[in-house]
Protein chains: 2
Amino acid sequence: MQQSLLELRHLKTLLALAETGSVSQAAKRVFLTQSALSHQLKALEEHYGLPLFERKTQPLRFTPAGERLLTLAREVGARMAAAERDITRLREGEAGELRIAVECHTCFDWLMPAMDAFRRHWPAVELDIVSGFHADPVGLLLTRRADLAITSEAEPLDGISYQPLFAYDMVVIMANDHPLAGKAVWQAEDFVTETLIQYPVPDAMLDLLCKVLKPAGINPARRTSELTIAIIQLVASRRGVAALPYWAVQPYLDKGYVASARIGADGLQSELYAALRSDDAALGYMQDFLDTVREQSFATLPGLSVLA
Amino acid sequence: MQQSLLELRHLKTLLALAETGSVSQAAKRVFLTQSALSHQLKALEEHYGLPLFERKTQPLRFTPAGERLLTLAREVGARMAAAERDITRLREGEAGELRIAVECHTCFDWLMPAMDAFRRHWPAVELDIVSGFHADPVGLLLTRRADLAITSEAEPLDGISYQPLFAYDMVVIMANDHPLAGKAVWQAEDFVTETLIQYPVPDAMLDLLCKVLKPAGINPARRTSELTIAIIQLVASRRGVAALPYWAVQPYLDKGYVASARIGADGLQSELYAALRSDDAALGYMQDFLDTVREQSFATLPGLSVLA
DNA sequence: TCTGTTGCATGAATATGCCTCATGTTGATC
DNA sequence: GATCAACATGAGGCATATTCATGCAACAGA
């Protein structure tokens, strides 16, 4: 009799809202406009005759009623996902192989929790990381030495299909007492006299170099290190500056170990894609892995943005 | 990325389908057409690339995939209902009073499981049955000696609002060796020489009398008993015949204690409504009680039909 | 104080997709 | 073979979620 109004789309909205803390951000997360979500929330609140959020605050807070619905959303979301996985397994079988090739050092930060969750959901799928870093991870797909490659560019290639994961900002980090430490935005010229501390990878894989410094004719001194934490230490010790994903350095910024700045007026955006053989794109566990990556990453890492 | 398609409406459909065992019946239960459900199911099966049911059988059977979705539907349904109850309590408070007046003897068969479920969901609401059987239960509402009355007619009255519960067929039962025991349908004339065994209630409350026998000018002998089981015994002992709800006698028919027949070519339909003071109609626990009654009754009793 | 910005709300227009209607198909029963 | 019941299917209407175009409020910076 009493129509329930509450639909899955509302629950998804609530989850996005809880994760992002703002209507506009949540809207991006569920691929709708801010207006659409505003209407949704208004409808919900009118239906229940109760406020579900306090809007004036940033991040917005849930009222007890909102919290209750959020709990429901988590319960229902998890069960829906589990059921759909089970159905997929009924159709395609339990087993499979998923060997992942990675070209980016920092990727392990988000890959680990995702792989962890995935292993629980698909115990019979053999999950591997193709060891070492490869200049051409997509090549490994075609030679069938890997089934999935993480790349920062979606270069069209026959038999390869790309799926967006997420986007994020690169920031430059510097010692706290660096002369430019107060500057909110660094331009290319600010790097002229600096030593750039980087992972030991080809120049082509360094966005800062390709997209910002080279176009400005700047070629700073370099120094390499394998480990993120080591790079941070070098920066803090005034051995140079580094460009890293915001989500990789945010904990160190919070603790005040180093300072950071945006790169260029609009920031330096980086993107991540998953590349796979087109034949494999329909595999249930493959899609589920990508969904898991997105979900876990957005839940774990700060400052991510969605990538259409 | 992969749109889920699966919506709450699908889950409700699956539940109705499991309970009724047929698409057409399920459609009535969720107030849609058979066509709508057929479309829904087709969409689901296409989406998952698997059959969810075996249609050729009556009642229709679920495949493993269908079973899995059905399980999901039960889980999700229960949680949605619980959440909405919690929200209602947040808005209206925990407590209240719900005194039920009953005019129909057999009602306890379905009232008991419903009250049981309700007590679990609303522990702080005082639940009572107004003892004794009343000729005018609706009057008890207006004098505030009851908050809800079960009636078989929705007679318009100021300040009273009616809500449909369900409809069902009355059948006539007779001894197995009764001369007319093989007859599928009894007409009014078949009652002429019979003794009618009935509850001790006013004639106005006996549909068989008011709607079938009186119009035909037939007034059979009577005999009364308080208990359904006693009535059945009397009938089996060839002391007369009785008109009872199909769902009340079905277990005895199955065991072969008595035989039954339809009353009139189209059967004798009875309806049940809940009457309440219009002010109370918006009360959350009141609506929830009615929902619970419908849900429990359809799940428990055979041969019910929905009542718009 | 003024102004630009950011984030949310709102009303009207649009578009998506669900449901109904009409009809076809299938299977069972006489 | 005819009839009936239950389900399937395609087309079209219609409800409603979403978008678009604004408005409003809070806040920061000049």
Side-chain angles (χ1 to χ4, degrees), chain A residues 3-14 16-47 50-63 66 169 182-185 262 265-267 303 305-306 308, chain B residues 2-14 16-47 50-63 66 184 265-267 303 305-306 308:
Chain A
Q3 282 295 8
S4 189
L5 179 104
L6 192 59
E7 283 291 330
L8 290 180
R9 120 185 69 92
H10 297 117
L11 298 183
K12 293 203 179 107
T13 297
L14 289 174
L17 215 46
E19 281 182 13
T20 62
S22 104
V23 178
S24 334
Q25 288 301 106
K28 294 202 182 90
R29 199 68 78 80
V30 294
F31 300 100
L32 292 176
T33 61
Q34 168 268 320
S35 177
L37 261 59
S38 194
H39 283 296
Q40 275 192 18
L41 301 178
K42 183 184 175 179
L44 278 183
E45 294 190 320
E46 276 179 4
H47 177 252
L50 279 173
L52 299 176
F53 324 91
E54 298 165 21
R55 257 75 162 232
K56 302 292 154 194
T57 147
Q58 190 69 351
L60 71 83
R61 263 208 304 274
F62 286 70
T63 65
D169 271 315
K183 217 167 173 232
V185 178
R262 200 177 332 146
D266 302 326
S305 53
V306 293
Chain B
Q2 46 182 350
Q3 284 294 11
S4 190
L5 180 106
L6 191 60
E7 282 292 329
L8 292 178
R9 122 184 66 93
H10 298 116
L11 299 184
K12 294 201 178 110
T13 296
L14 289 174
L17 214 45
E19 282 182 12
T20 62
S22 104
V23 178
S24 334
Q25 288 300 107
K28 293 201 184 91
R29 200 69 78 80
V30 295
F31 299 100
L32 291 176
T33 60
Q34 168 268 321
S35 174
L37 260 58
S38 194
H39 282 296
Q40 275 190 19
L41 301 177
K42 183 185 173 179
L44 278 183
E45 294 190 320
E46 276 181 2
H47 177 251
L50 279 173
L52 299 176
F53 324 92
E54 296 166 22
R55 257 76 162 234
K56 302 295 154 191
T57 148
Q58 189 69 353
L60 91 159
R61 262 209 306 275
F62 286 68
T63 64
D266 302 327
S305 53
V306 292

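None of the values given here were measured: they were computed from a predicted structure. Every chain is numbered from 1 and lettered A, B, ... according to where its sequence line falls, protein lines coming before strand lines.
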Show, in sequence, the C-alpha distance, side-chain angles and deciding distance for B:Thr13 and B:Gln40, and conclude whether the side-chain hydrogen bond (donor to acceptor under 3.5 Å, both in side chains) test is met. CA-CA 9 Å; B:Thr13 296; B:Gln40 275 190 19; 2.6 Å; yes
Would you indicate which nucleotide in D:dG10, D:dA8, D:dT18 comes nearest to any side-chain atom of A:Gln40? D:dT18
In whole angstroms, the gap separating P of C:dC19 from CG of B:Leu41 amounts to 11 Å
For the base of C:dC8, is there a side-chain donor-acceptor partner from A:Ser24 under 3.5 Å away? no
Could you give the CZ-to-P distance, from A:Phe31 to C:dT16, as a whole number of Å? 17 Å
Measure the shortest side-chain to side-chain distance between A:Phe53 and A:Leu41 over non-hydrogen atoms and say whether it is less than 4.5 angstrom. yes
Nucleotide D:dC7, atom P - distance to NZ of B:Lys28 in whole Å: 10 Å
Nearest to the side chain of A:Arg55, heavy atoms from C-beta on, is which of D:dT9, C:dA9, D:dC7? C:dA9
Which nucleotide sits closest to the side chain of B:Thr33: C:dC21, D:dT9, C:dC8? C:dC21
Per the atom types in the model, does the base of C:dG11 pair as donor or acceptor with the side chain of A:His39 at under 3.5 Å? yes
Atom CD of B:Glu46 to atom C1' of D:dA8: distance rounded to whole Å? 12 Å
Output the rounded distance in Å from CG (A:Leu32) to C1' (C:dA15). 14 Å
Go through D:dG10, C:dC8, D:dC7 for me and flag the one nearest to the A:Gln34 side chain. C:dC8
Starting at atom CG of B:Leu44, determine the distance to atom C1' of D:dA8, rounded to an integer number of angstrom. 15 Å
Looking at every strand, decide which applies to A:Lys56 at a 4.0 Å heavy-atom threshold: base, sugar-phosphate, or nothing. nothing
Rounded to whole Å, how long is the line connecting atom CG of A:Leu17 with atom P of C:dA9? 10 Å
Given atom CG of B:Leu52 and atom P of D:dA8, what is their separation to the nearest angstrom? 12 Å
Choose from C:dC19, C:dG7, D:dT18 the nucleotide whose nearest atom is closest to any side-chain atom of B:Arg9. C:dC19
Any side-chain to backbone donor/acceptor pair from A:Glu45 onto A:Leu52? Under 3.5 Å, distance only. yes
Which nucleotide in the list D:dA21, C:dT20, C:dC19 gets nearest to the side chain of A:Ser35? D:dA21
Indicate yes or no for a side-chain donor-acceptor contact from B:Ser24 to the backbone of B:Gln34 under 3.5 Å, with no hydrogens or angles considered. no
SB check A:Lys12 A:Glu7 (cutoff 4.0 Å): no
